[in-house]
Colleague: 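Pasting a structure below so you can have a look.
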2 protein chains.
Amino acid sequence: MRIGELSRRSGLSIDTIRFYEKRGLLDETHLRRSENRYRDYSESTVERLALIKATQAAGFTLAEIVELFRQWESNQLTDERIALYLQKKCDEIAVKIAELQAVQRYLEAKLLGVRAQSETVARQSD
Amino acid sequence: MRIGELSRRSGLSIDTIRFYEKRGLLDETHLRRSENRYRDYSESTVERLALIKATQAAGFTLAEIVELFRQWESNQLTDERIALYLQKKCDEIAVKIAELQAVQRYLEAKLLGVRAQSETVARQSD
DNA sequence: GTAAACCCTAGAGTAGAGTCAAGAGTCAAG
DNA sequence: CTTGACTCTTGACTCTACTCTAGGGTTTAC
């Protein structure tokens with residue numbers, strides 16, 4: 001498929017897709033060139049981009065994602081080191097989740113306060 | 001207290017603190033000027049910076065934090081709109097947490113795969 | 001009274017992640 | 001055979017959140 005269709009199907013802009021390519025996030029598996037030099041993507045690329053988005057949403061930088069993929073795909077060399085790497089990232093994510101939940105609790109508490117206050121005001125204005 | 005001490009107590013660099021000031025994250029409550037034009041911070045500023053850090057870790061931009069504070073501190077105007085705003089942010093955070101957990105599950109699954117594989121390899125090499 | 005440590009402003013520079021624009025080639029439809 | 005939609009490359013630009021530099025004033029310790 002060409003870049004326009006991939007853009008529509010992935011929800012990423014054409015520019016972003018080309019940018020990811022420059023950063024090394026797409027290889028021959030996902031990207032060929034047709035006769036006319038147009039990019040020609042495989043079906044699996046949609047999924048690839050979704051994974052990139054999710055991983056990015058998890059707080060990884062593009063450079064980290066490249067590294068993650070690189071380690072992952074060279075798994076002739078797969079061993080305990082990759083397990084350790086993933087474990088480390090899982091732990092980092094756990095920390096981020098905890099931070100988010102802390103702010104969430106903070107906001108929820110404030111929210112209750114605001115609601116209580118506005119009810120009081122409402123009652124007073126009765 | 002002066003900026004050096006605040007920097008040490010907050011864990012933020014002097015430059016960052018001045019940068020936050022430029023962005024409007026510190027007002028007269030937190031920041032005065034002494035005779036010599038040096039910044040003079042109140043005790044509460046340490047807490048303020050901690051709150052900024054936490055909120056930022058939750059994925060808010062500085063501009064959003066400024067807006068959050070502004071709405072919060074003008075709570076002569078406190079009403080259902082603030083509750084709605086906070087509710088919206090809580091929801092956004094919930095989404096981010098869900099995304100993180102998705103990636104976490106993905107990585108954990110892969111991790112199990114790697115471990116299973118390496119155990120198989122280990123067993124084969126017995 | 002001077003050196004070290006601290007503070008000031010203004011503005012430039014950096015990294016990450018895009019986004020946009022110019023100028024040109026390709027392709028399908030009418 | 002031209003028009004409109006699509007694609008190409010290169011390079012400049014944007015935005016966020018810092019970080020650093022230059023050039024200068026202030027405080028503190030000895």
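In what follows, chains are A, B, ... by sequence order, proteins preceding strands, each numbered from 1. The figures that follow rest on heavy atoms only: side chains count, while hydrogens, waters and symmetry mates do not.
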Colleague: So, for B:Met1 and B:Val46, which heavy atoms are closest and what is the spacing to 0.1 Å?
Modeller: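 For B:Met1 and B:Val46, the tightest heavy-atom pair comes out as CE-CG2, 4.1 Å.
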Colleague: Is A:Phe19 linked to A:Phe60 within one hydrophobic cluster, defined over Ile, Leu, Val, Met, Phe, Trp and Tyr using a side-chain heavy-atom separation of less than 4.5 Å?
Modeller: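 Yes, because A:Phe19 and A:Phe60 connect within a single hydrophobic cluster, where side-chain heavy atoms sit under 4.5 Å apart.
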Colleague: So which pairs with a foot in residues 44-62 of chain A pass salt bridge (Lys or Arg N to Asp or Glu O under 4.0 Å), sequence neighbours left out?
Modeller: A:Arg48-A:Glu73
Colleague: Which is the 5'-most and which the 3'-most nucleotide of DNA chain D that has an atom under 4.0 Å from a heavy atom of chain B?
Modeller: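 So the contact region on DNA chain D extends D:dA17 to D:dT27.
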Colleague: Going by side chain to side chain donor-acceptor pair (under 3.5 Å), name the residues that satisfy it together with B:Thr16, two or more places apart in sequence or in a different chain.
Modeller: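 For B:Thr16, the residues satisfying side chain to side chain donor-acceptor pair (under 3.5 Å) (neighbours in sequence not counted) are B:Ser13.
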Colleague: Between A:Tyr38 and A:Ser13, who's closer to the 5' end of DNA chain C by nearest nucleotide?
Modeller: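 Per heavy-atom nearest nucleotide, the more 5' residue is A:Ser13.
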Colleague: Can you name the residues that form a side chain to side chain donor-acceptor pair (under 3.5 Å) with A:Thr61, not counting sequence neighbours?
Modeller: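 Once residues adjacent in sequence are excluded, A:Thr61 has no partner under the side chain to side chain donor-acceptor pair (under 3.5 Å) criterion.
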Colleague: Is there a residue in residues 14-25 of chain A whose heavy atoms reach under 4.0 Å of DNA chain C, and which residues are they?
Modeller: A:Asp15, A:Thr16, A:Phe19, A:Tyr20
Colleague: Would you mind listing every salt bridge (Lys or Arg N to Asp or Glu O under 4.0 Å) that reaches into residues 4-14 of chain B, with sequence neighbours excluded?
Modeller: B:Glu5-B:Arg9, B:Arg9-B:Glu43
Colleague: Let me confirm one number: the CD-CG distance from A:Glu21 to A:Leu26, rounded to the nearest 0.5 Å.
Modeller: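 Between A:Glu21 CD and A:Leu26 CG, I get 6.5 Å after rounding to 0.5 Å.
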Colleague: Would you compute the distance between atom OG of B:Ser7 and atom CZ of B:Arg2 and round it to the nearest 0.5 angstrom?
Modeller: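 That separation rounds to 13.0 Å.
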Colleague: Is A:Thr45 close to A:Leu31 at the side-chain level, that is, under 4.5 Å between some pair of heavy atoms?
Modeller: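 No, every pair of side-chain atoms sits at 4.5 Å or beyond.
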Colleague: Would you jot down, in residue-number order, the residues of residues 41-52 of chain A having a non-hydrogen atom under 4.0 Å from DNA chain C?
Modeller: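 The stretch gives none, as no residue of it lies under 4.0 Å from the strand.
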Colleague: Return the set of residues passing side chain to side chain donor-acceptor pair (under 3.5 Å) with B:Ser10 (not counting sequence neighbours), or none when no residue passes.
Modeller: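 Per chain and number, B:Ser10 pairs via side chain to side chain donor-acceptor pair (under 3.5 Å) with no residue.
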Colleague: B:Leu12 and B:Ile52: side-chain contact (heavy atoms from CB on, under 4.5 Å), yes or no, with the steps?
Modeller: CA-CA 11 Å; B:Leu12 295 174; B:Ile52 292 172; over 6 Å; no
Colleague: Please list, in 5' to 3' order, the outermost nucleotides of DNA chain C lying under 4.0 Å from any heavy atom of chain A.
Modeller: C:dA17 to C:dC27
Colleague: Which atom names give the shortest non-hydrogen contact between A:Ile65 and A:Gln56, and what distance separates them?
Modeller: CD1-N, 3.9 Å
Colleague: Paired stems touching DNA chain C, three or more consecutive Watson-Crick or G-U pairs with both distances under 3.5 Å?
Modeller: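 Consecutive-pair runs (3 or more) involving DNA chain C: C:1-30 with D:1-30.
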Colleague: For B:Thr29, give me all partners under side chain to side chain contact (heavy atoms under 4.5 Å, CB included), at least two apart in sequence or on another chain.
Modeller: B:Asp27
Colleague: Please enumerate all residues that pass side chain to side chain contact (heavy atoms under 4.5 Å, CB included) together with B:Ile3, with sequence neighbours excluded.
Modeller: B:Ile14, B:Ile17, B:Arg18, B:Arg39, B:Tyr41
